[in-house]
Amino acid sequence: MEYYKQIHAEPVWRQGWTGRGVGIALLDTGCAFHPDLEGRVRKFMDFVHPFSSSTCYDDNGHGTHIAGILAGNGRMSGGRYRGMAPEAELTVLKVLDRQGGGCIMDMVRALQWLSLYAGQYGIRIVNISVGGTGQENAAENTLLLTEVECLWDHGLVVVAAAGNNGPEPGSVTTPGVSRKIITVGCSQAENYGIFPEVERAARFSGRGPTEDCVVKPEILAPGSEVVSCCPPTGRRRSWYTVKSGTSMAVPMVSGAIALLLEKYPVYSNVDVKLKLRESSRPFAGEGQGWGELRVDRLLE
């Protein structure tokens with residue numbers, strides 16, 4: 001099942017909502033040049049190699065894939081692989097290296113930069129498809145949570161991954177454990193022979209509750225075998241690739257929020273969170289969060 005059918009995004013796109021004028025900050029491995037994103041990366045900052053280059057790049061590919069789900073316009077696929085908010089604008093903050101790893105303090109510095117410059121670049125949403133297990137330095141983890149919650153307190157909508165350490169309870173990664181921000185898990189369509197397809201949480205998707213007994217993740221979205229943008233390599237360029245994980249589910253939600261904020265620009269981050277809760281489709285027997293993202297209900 002195509003992800004946009006699973007979450008009922010097509011009716012909203014047909015109404016003309018594209019995320020135009022809404023700024024999204026992407027904290028990831030960077031973003032490579034891609035025709036589907038051309039002209040909509042407003043700012044790039046490299047917190048891994050801060051003095052190496054001012055040109056936007058991605059030496060891993062993860063960030064480009066997330067950017068495509070967020071805001072790709074599908075140009076190189078005839079619209080087939082368009083992102084959730086194809087006219088949103090991106091601010092790309094590179095916090096992960098070539099291997100997709102990183103350190104907490106690079107994340108912290110990126111979040112502190114956002115505290116200063118989010119308004120200048122029109123940023124309303126912060127997409128964090130990144131997470132740690134919480135076994136690192138406790139003081140740094142606390143600082144990371146403090147910074148994401150500071151952004152929330154300043155009015156930004158912060159959306160983070162639940163991580164891929166499920167299905168055991170308490171397996172949500174940091175900063176997704178924050179009680180304030182919106183944490184996203186991965187839903188997956190499954191077919192049981194004679195029975196129709198049903199959606200449920202993917203087995204790998206991180207689950208709560210947190211150590212503070214907070215139910216997490218709040219919402220689920222498709223994240224299994226998602227086709228999106230990739231950095232072009234070699235003579236025979238391939239503009240798309242397939243990836244899976246809660247990382248892919250996060251931009252589904254962030255992009256849907258961009259559509260919502262285009263339609264209702266006066267909404268606060270609290271308004272957004274309440275609207276997501278009211279519009280989500282509960283899963284029978286799942287026992288976690290609000291349910292799965294429904295884009296059509298979100299924009300009603």
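The structure presented is a predicted model; accordingly, all values stated were derived computationally and were not measured.
Cluster annotation: Val41 is connected to Tyr117 through the hydrophobic network of ILVMFWY side chains, with a link wherever side-chain heavy atoms come within less than 4.5 Å.
Residues meeting the salt bridge (charged side-chain N to carboxylate O under 4.0 Å, His left out) test with Glu89, sequence neighbours left out: Arg42. Listed by chain and residue number, nothing satisfies the side-chain hydrogen bond (donor to acceptor under 3.5 Å, both in side chains) test with Arg297 (two or more places apart in sequence, or in another chain). Not counting sequence neighbours, the partners of Asp59 by the side-chain hydrogen bond (donor to acceptor under 3.5 Å, both in side chains) test are Lys94. Under the side-chain hydrogen bond (donor to acceptor under 3.5 Å, both in side chains) criterion, Ser77 pairs with Tyr240, sequence neighbours left out. When the salt bridge (charged side-chain N to carboxylate O under 4.0 Å, His left out) test is applied to Glu87, the partners found at least two apart in sequence or on another chain are Arg20. For Thr210, there are no side-chain hydrogen bond (donor to acceptor under 3.5 Å, both in side chains) partners, not counting sequence neighbours. Partners of Glu38 according to the salt bridge (charged side-chain N to carboxylate O under 4.0 Å, His left out) rule, which considers only residues two or more places apart in sequence or in another chain, are Arg75. In this structure, the salt bridge (charged side-chain N to carboxylate O under 4.0 Å, His left out) partners of Asp296, at least two apart in sequence or on a different chain, are Arg294.
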_For a side-chain contact (heavy atoms from CB on, under 4.5 Å) check, start with the C-alpha distance between Leu114 and Leu93, then their side-chain angles and the critical distance, and finish with the verdict._
CA-CA 9 Å; Leu114 281 172; Leu93 307 182; 3.7 Å; yes
*Arg179 and Val214: CA distance, side-chain angles, deciding distance, side-chain contact (heavy atoms from CB on, under 4.5 Å) verdict*: CA-CA 6 Å; Arg179 67 172 58 246; Val214 178; 3.7 Å; yes
_Test side-chain contact (heavy atoms from CB on, under 4.5 Å) applied to Arg207 and Glu168, step by step_ = CA-CA 7 Å; Arg207 288 156 166 82; Glu168 295 302 318; over 6 Å; no
*Apply side-chain contact (heavy atoms from CB on, under 4.5 Å) to Asp97 and Asn60, showing your working.*
CA-CA 7 Å; Asp97 61 22; Asn60 175 275; over 6 Å; no
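Residues Met105 and Leu143 meet the side-chain proximity criterion, which asks for heavy atoms closer than 4.5 Å. Here the side chains of Glu278 and Trp290 are not in contact, with every heavy-atom distance at 4.5 Å or above. Using a 4.5 Å heavy-atom threshold, the side chains of Pro232 and Ser238 count as separate. Contact annotation: the side chain of Thr241 never approaches that of Ser228 to less than 4.5 Å [non-hydrogen atoms, C-beta and beyond]. With a 4.5 Å cut-off on side-chain heavy atoms, Glu218 and Lys216 count as touching. Using a 4.5 Å heavy-atom threshold, the side chains of Leu293 and Leu220 count as separate.
Checked by atom type and distance alone, the side chain of Ser205 never pairs as donor or acceptor with a backbone atom of Ala201 at under 3.5 Å. No side-chain donor-acceptor contact under 3.5 Å links Ser280 to the backbone of Glu292. Formation of a donor-acceptor pair under 3.5 Å by the Thr246 side chain with backbone atoms of Ala249 is not found in this model. Distance alone, capped at 3.5 Å, is enough to place a donor-acceptor pair between the Trp13 side chain and the Met84 backbone.
Taking every heavy atom of both residues into account, Pro86 and Gly72 meet most closely at CB-O, 3.5 Å. Ile66 and Ser247 make their closest contact through CD1-O, 3.2 Å (heavy atoms, listed as atom of the first residue, atom of the second, distance). The minimum heavy-atom distance between Cys31 and Cys56, with the atom names listed, is O-SG, 3.0 Å. Here the closest non-hydrogen pair linking Thr183 and Val172 is CG2-CG1, 4.2 Å. In plain terms, the two heavy atoms of Val130 and Met107 that are nearest each other are CG1-SD, 4.4 Å.
Contacts classified as salt bridge (Lys or Arg N to Asp or Glu O under 4.0 Å) and involving residues 105-115 (residues at least two apart or in different chains) are given here: Asp106-Arg109. For residues 148-161, the pairs satisfying salt bridge (Lys or Arg N to Asp or Glu O under 4.0 Å) are Asp153-Lys180, with sequence neighbours left out. Legend: ring-ring contact (aromatic ring centres under 6.0 Å, His included) pairs involving residues 150-185, not counting sequence neighbours: none detected.
When each of Cys229, Pro231, Cys230 is tested with His34 by the rule side-chain contact (heavy atoms from CB on, under 4.5 Å), just one qualifies, namely Cys229. A side-chain contact (heavy atoms from CB on, under 4.5 Å) with Leu276 is found for exactly one of Val157, Val159, Ile182, namely Ile182. Each of Leu261, Leu156, Leu260 was checked for a side-chain contact (heavy atoms from CB on, under 4.5 Å) with Ile125, and the lone residue meeting it is Leu261.
For Trp239 and Tyr81, the gap between ring centers reaches or exceeds 6.0 Å.
Ring geometry for Trp113 versus Tyr121: interplanar angle under 30°, hence parallel rather than tilted (30 to 60°).
Between the side chains of Asn165 and Ser171, no donor-acceptor pair is found at a separation under 3.5 Å. Remark: the Tyr57 side chain and the Asp46 side chain contain an N/O donor-acceptor pair separated by less than 3.5 Å.
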Pairs of donor and acceptor atoms involving the side chains of residues 21-29, under 3.5 Å and at least two apart or interchain, shall be tabulated with distances.
unit_1	atom_1	unit_2	atom_2	d
Asp28	OD1	His62	ND1	2.6
Asp28	OD1	Gly63	N	3.2
Asp28	OD2	His62	ND1	3.2
Thr29	OG1	Asp58	OD1	2.8
Thr29	OG1	Asp58	OD2	3.4
Thr29	OG1	Gly63	N	2.8

